[in-house]
Each structure stands twice: as structure tokens, then as C-alpha cells.
A.B. asks: 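Can you keep this structure in mind? I'll have questions shortly.
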2 protein chains.
Amino acid sequence: MRYDPISHIRRFGRAVTIEVGALDTSFLGRGRPLGAARVLNAIGTGRSDVAEIRDYLSLDSGLMSRLLRSLEDESLIQTTPHPTDARRRVAILTKAGQQEFQAYENLSDARATALLDRAPHADELLRAMDMIASALGRDRIAIEAIDPRHEAARYCLGEYYAELQRRFENGFDVSRSRDPDAADMMQPRGAFLVAISDGLPIGCVGLKGTGGDVAEIKRLWIDQTARGLGIAKRLMHAAETAARERSIKTLRLDTNSALHEAIKLYRESGWVEIDRFNDDPYPDHFFEKHL
Amino acid sequence: MRYDPISHIRRFGRAVTIEVGALDTSFLGRGRPLGAARVLNAIGTGRSDVAEIRDYLSLDSGLMSRLLRSLEDESLIQTTPHPTDARRRVAILTKAGQQEFQAYENLSDARATALLDRAPHADELLRAMDMIASALGRDRIAIEAIDPRHEAARYCLGEYYAELQRRFENGFDVSRSRDPDAADMMQPRGAFLVAISDGLPIGCVGLKGTGGDVAEIKRLWIDQTARGLGIAKRLMHAAETAARERSIKTLRLDTNSALHEAIKLYRESGWVEIDRFNDDPYPDHFFEKHL
DNA sequence: GGATTTATCTGACCTAAGTCAGATAATATG
DNA sequence: CATATTATCTGACTTAGGTCAGATAAATCC
């Protein structure tokens, strides 16, 4: 058959190439070459170290220097020496730069909104986009430790609770479960790790420590559209590493038989089933692992 | 919440921009600027008229001319005057050009294959890509009349039968249904129309004529990932237009109650239910429309 | 403390891409 | 048949993007 899987992927490639081109063209409407717009965008999204931006955008140092000068000439950015390394420079947006950055953001948002408004099944479309973004970006998925009260963490936890609500026969009410103290999932006792894919959190795990040599693994979640990419394994591995760094000797966790992929993962990676060790109403399986 | 739908779309944008950029970079490995590669590709995929290529790639006439010269200098293409309009030129690939075109195709295919091989759920991923390609490319979906024995038509019919097999309670066996004669769905008696989106057929409908002033609508199918975009309506509209052009006064069709979206569409667009007019074992609903 | 490495900047240079104004020849229009 | 239009080509020009070889100053290494 002619319309094999590759034909479908290549059709997808044609469609998104046209879309990407259209977005670039709309960016040019602001009277600035794309290179300068990209640098402005990198600074606007929090990258301030010039070397970091250069690396992120794979730019030659000469070109980078000229792009920074042109943005400075427009009074969109200011550069100052790096506080601890005087060879380096850091760039920040001026007030005008923030406005200009926001104008680019608005162009992107407008395209996204227009697409959503016209889409017949917006939620399905978003799921499809998430799945593809995760598949294409799998080599760029990074595990980061963040504050469990940070918005990325709160987003992950919200999705995690929503998934338990869907999967547990009688639903899930977070207030009936013991919600760990944020401080127990932060330095120095514990950690909260998220998997970030192209800027969006797609998975998380918590290491809840007490200061002693026993700690608990909590809130392991992977977005449905990002499963099968080995992210859970990476998160668990990172959590164990964090535990060792905190001199933790024994890890425990509780889970529910509805979460069979998770239970399979635990069994395959050295966890052994133990007796119930708490009175939380939801879990029915309990595991332990010695580090 | 920060991670609203727009964040997801923009993450998707970042991921595919990187992918598109990587493909472009791999194309540069063949030692030719992208512009020339695009023209070569356009010629390779069947566009021979220079003006048509220029329009398709939105190129300035001067730039186009120079790109053609550079491809001629490499002996990859040959240009000759247009057979009926001596102002125009047509370009075709030489033997070396065909090889070079194939080399680009292989690069694309290799990327697609690599993606599929690593994907955890390849079929889901392909569905996601189809859905996004249809949503992004909805303005480029074209209705074309083709030979029902053409591969695009056979693909549509295969997908149509597969869908009936899934949706009918007792499955569907095409040999038990009367398969229309190809000649009845071609000029001058009938037509076979397909909806093409970025090169891939995503829907079809047949107009089966007998030479008289009554004809039948057959094989209305829209790919699952392309529903809600109004393609069925456009196909039915095009079929009615084709019927009028063939002096047909009355259209009939049979369908099955499992195909409720189709039945809804017929009811909403002027079709009225009539008595059974054939002994095909599958249909249980019969409609008619006077043009 | 001297040698080496690193980050940035500057000038010179290059290619790709695209624009613009004619020139030419053929076709279409009235 | 004169005029307008169309398709292509050519030369002149511009901008964007990127490379390369030093220059400079700071940090790091031995």
C-alpha cells in the first residue's frame, strides 16, 4: 500500500512546516529579523547568561554579539557583567523589551487560540499535540528538583489527583489522604522531582524524608501522553540518587492495585512487597527497597 | 493555571520547530541550499510547470530562474518550452536528478522510520499526527475527482470497509455487498471524489450513475482523525454538483443505522427517507434527494 | 606568577535569500 | 492589428545569517 506509516508522518511534516513558516512570517511583521527575535525571546523566557543563550540557540559568538548590540541599539535589552565572572555578560529586558517580548508572545498565543477555536475536538487535539511533543522531544526531557509549592509541582499534583479520581473505583479525595508537608519534600530532608519536556512538566515524583534513614516515595505521576518513554524509570532513579545523597538507607511507598503499571515498575526495579505501614484509606499495596 | 491549553500548543510548536530544523539541517548535508532542494523536490513530486512551482513555493520570478539555472548546471533537471504556451517553461528531472530527489526522499523516510521505531505506541502516534495534520491543514483540503481504481481511491475504500467491519455489529464482508462497477463511478455516468489533505486522501464519496436521470451516492467515508472539519458536507456538495452536471434529477443512497453521523448529515441536508430500493444485506435506511 | 583557557567583541568575508527594474518574447484582448 | 498582459530571464542591489581570525580581558591551571 502506498499510504504506509511514513506517508502519514511526511504529511504531518508538510502540515507543520507550513504552520511553523506562517508563525515565522507573522514574527517578521514586527520589523526585526528572526535571529534577533529569537534572542529576545530567549532573554524574555528567563535565560540571561549570554553564553547560555548562545548555547541554547547554537549561535556563533560573533553573530550573538551583533544580535545583542542590535537589541541594545533598540533599547530592548541591557547587558551587564556577570556578578561572579567578569568575562561573562548577562542580558535583561528593559521595560520596552518586556513590551516587545510580550508582543511576540501575543502573536504566538493568537495563533494557538485561533487553532483551538476552530478545532472540532479541542481536548483530543491537545492530547495529540502532547503525545507528539513528548515523542519528538524525548531526548530533551530533563529531570529537575523544584519546590513542591512551585506552579509546575502544583500542576503535576493536580493532574495526579485527577488521574487517581478517574482510576480509583470510588474516586479520590485528597483531603482524606495525608498530604505531605512541603518541607519534607525539599532540601535537606527530601526532594520533589519533575520531568520537563520542552518547557512543560510531564511527570513527577516526591521523596518525603523525615531526617532519619527511612524515607517515602510519593506522588509518582507520568502524563498519559508521555507513557512508554521510560520517564517513570528515570524519575525513580533520580529519586533514589537523591535519597542516597541524603544518607537514606531504606525507601518505602504505598500504592493502589488500580495503578498496575506503577506496581509492575516497582517489582521490576528491586522493590519488595511489605506489610501495611500506615492507615491511609487508599493504598492496598506497600513496597520497600534497601539502597 | 499556568499550563493552560495555549502552553500545550506552544510546547508542541517548540518540539516540531526543532524537528523541522533538524530535517532542514540534514538536507543541507547534500551540499545544496534549501531553496534549490525545495525546487528539486517540487519537480520530483510531479510539478513540472515552472509557474506552478513558483506559485507553490511563493518564489520571486528572478530567484526561481536562478534556482532553475543552478539545478541545470548540476545536470539535475532539464527545462523545455511549454508545449502549448511558448512563454512558459516546464522542468523535468534528469536521471541524475531522479537519483538526487530519491536521496532527499530517503533522508525524510529515515527520520520518519527512526521516529516510528522509537515510539512506544506507533499507531496512536500516527493517529495523533493525522489529527493534527488535518486540523492545521484544513484550509488546504481539496476535493478532486479521480479514477475509482486509482490507488488513492483504493486506499479510501479499504479504510471505508475496515470501518464498516468495526462498526457493524456482525462485521462487513465486501463480497456480500454489490461493489459498483468502476465505469459507473466515472465520466460520463458518475464520479469518484476524494478529499486530499497535504497529499493524503482523508475522505471520499462515489456518485454511481446509470446514464439515466437517477443516480446513487455510495461509499461516503471520512477518516476518523479528520471528522468535524466539514469534509463530508463538502464531499456531498461536490457530488451533487457533479450529478447536476450529468443532468441527474434524483439521488438515492442506502446506509446503516450504525452510521449515525452520516444519517444525521443526510437529514440535515435535504434528504428524505424512502422505502428500501435494493436487496443489499447491510443497509437498513434509504434516502432520496431531488436536485 | 606565568601559561593556558574562556567569554566576548570586532572586522573582514561569504553565501543564501529575496527584491526591483527593465528586457524579451509570446499570448490575450479589444 | 495595435495594445495590454503574461512568463521568464538578467543585472544590480539588499538583508539575513553565518564563519573565521585575531584582539582583549578575565579566570583557571600548574
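The sequence lines fix the lettering, A, B, ..., with proteins before strands; numbering per chain opens at 1. These figures come from a predicted structure and were not determined experimentally.
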A.B. asks: Residues in side-chain contact (heavy atoms from CB on, under 4.5 Å) with B:Arg38, at least two apart?
C.D. replies: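 side-chain contact (heavy atoms from CB on, under 4.5 Å) check on B:Arg38 returns B:Asp24, B:Leu34, B:Leu57.
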
A.B. asks: Could you tell me whether B:Asp198 and A:Arg10 make a salt bridge, using a distance below 4.0 angstrom between a side-chain N and a carboxylate O?
C.D. replies: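 Salt bridge: no.
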
A.B. asks: List the residues meeting salt bridge (charged side-chain N to carboxylate O under 4.0 Å, His left out) with A:Arg149, not counting sequence neighbours, and say none if there are none.
C.D. replies: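 With neighbours one apart ignored, the set is A:Asp147.
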
A.B. asks: Suppose we screen for side-chain contact (heavy atoms from CB on, under 4.5 Å). Which residues come up paired with B:Ser70, at least two apart in sequence or across chains?
C.D. replies: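 Partners of B:Ser70 by the side-chain contact (heavy atoms from CB on, under 4.5 Å) criterion, ordered by chain and then number, come out as B:Ala36.
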
A.B. asks: Heavy atoms under 4.0 Å is the rule here; annotate nucleotides 24-30 of chain D 5' to 3' with B where the base is hit, S where only the sugar-phosphate is, and - elsewhere.
C.D. replies: --BS---

A.B. asks: Is the closest side-chain heavy-atom distance between B:His150 and B:Val194 below 4.5 Å?
C.D. replies: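 Of all side-chain heavy-atom pairs linking B:Val194 with B:His150, none is under 4.5 Å.
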
A.B. asks: Using the ring-ring contact (aromatic ring centres under 6.0 Å, His included) rule, collect all pairs that involve residues 14-52 of chain A, keeping only residues at least two apart or in two chains.
C.D. replies: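 For residues 14-52 of chain A: A:Phe27-A:Tyr104.
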
A.B. asks: Mind checking side-chain contact (heavy atoms from CB on, under 4.5 Å) for B:Leu229 and listing every partner two or more places apart, or none if nothing turns up?
C.D. replies: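 Result, side-chain contact (heavy atoms from CB on, under 4.5 Å) vs B:Leu229: A:Pro120, B:Ser134, B:Arg138, B:Ile141, B:Ala226, B:Ile231.
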
A.B. asks: Going by salt bridge (charged side-chain N to carboxylate O under 4.0 Å, His left out), name the residues that satisfy it together with A:Glu19, two or more places apart in sequence or in a different chain.
C.D. replies: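 A:Glu19: salt bridge (charged side-chain N to carboxylate O under 4.0 Å, His left out) contacts with A:Arg111.
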
A.B. asks: Within residues 73-83 of chain B, find the residues that approach DNA chain C with a heavy atom at under 4.0 Å, and present them sorted by residue number.
C.D. replies: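 Heavy-atom cutoff 4.0 Å gives no residues at all.
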
A.B. asks: Among all residues two or more places apart in sequence or in another chain, which pass the side-chain contact (heavy atoms from CB on, under 4.5 Å) test with A:Arg88?
C.D. replies: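 A:Arg88: side-chain contact (heavy atoms from CB on, under 4.5 Å) contacts with A:Asp49, A:Ala51, A:His82, A:Asp85.
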
A.B. asks: Rounded to whole angstrom units, what separation is found between the CD atom of B:Glu52 and the C1' atom of D:dT8?
C.D. replies: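 Taking CD of B:Glu52 and C1' of D:dT8, I get 16 Å after rounding.
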
A.B. asks: Rounded to the nearest angstrom, tell me the gap between atom CG in B:Asp55 and atom C1' in D:dT8.
C.D. replies: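 Spelled out: CG on B:Asp55 to C1' on D:dT8 is 15 Å.
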
A.B. asks: What is the distance, to the nearest angstrom, from the CZ atom on A:Arg69 to the C1' atom on C:dA7?
C.D. replies: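 Whole-Å distance recorded here is 13 Å.
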
A.B. asks: Provide the full list of salt bridge (charged side-chain N to carboxylate O under 4.0 Å, His left out) pairs with a residue in residues 55-75 of chain A, sequence neighbours left out, each pair given once.
C.D. replies: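 For residues 55-75 of chain A, and leaving out neighbouring residues, the salt bridge (charged side-chain N to carboxylate O under 4.0 Å, His left out) pairs sorted by first residue read A:Arg32-A:Glu74, A:Arg69-A:Glu72.
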
A.B. asks: When the distance from CZ of B:Arg88 to P of D:dT5 is rounded to whole Å, what number comes out?
C.D. replies: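 Taking CZ of B:Arg88 and P of D:dT5, I get 17 Å after rounding.
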
A.B. asks: Show the atom names and distances, to 0.1 Å, of all donor-acceptor pairs under 3.5 Å that link a side chain in residues 39-47 of chain A to residues at least two apart or in another chain.
C.D. replies:
unit_1  : atom_1 : unit_2  : atom_2 : d
A:Thr45 : OG1    : A:Asn41 : O      : 3.0
A:Thr45 : OG1    : A:Ala42 : O      : 3.1

A.B. asks: Tell me, for nucleotides 12-19 of chain C in 5' to 3' order, what letter each nucleotide earns: B for a base near a protein heavy atom under 4.0 Å, S for only sugar-phosphate near one, - for neither?
C.D. replies: B---SSBB

A.B. asks: Could you give the CZ-to-C1' distance, from A:Arg54 to C:dC9, as a whole number of Å?
C.D. replies: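 A:Arg54 atom CZ is separated from C:dC9 atom C1' by 11 Å.
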
A.B. asks: Whole angstrom is fine here: how far is it from CG in A:Leu68 over to C1' in C:dC9?
C.D. replies: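 My rounded result for the distance is 11 Å.
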
A.B. asks: C:dC9, D:dT8, D:dC9: which one has an atom nearest the side-chain heavy atoms of A:Ser61?
C.D. replies: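 Side chain of A:Ser61 sits closest to C:dC9.
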
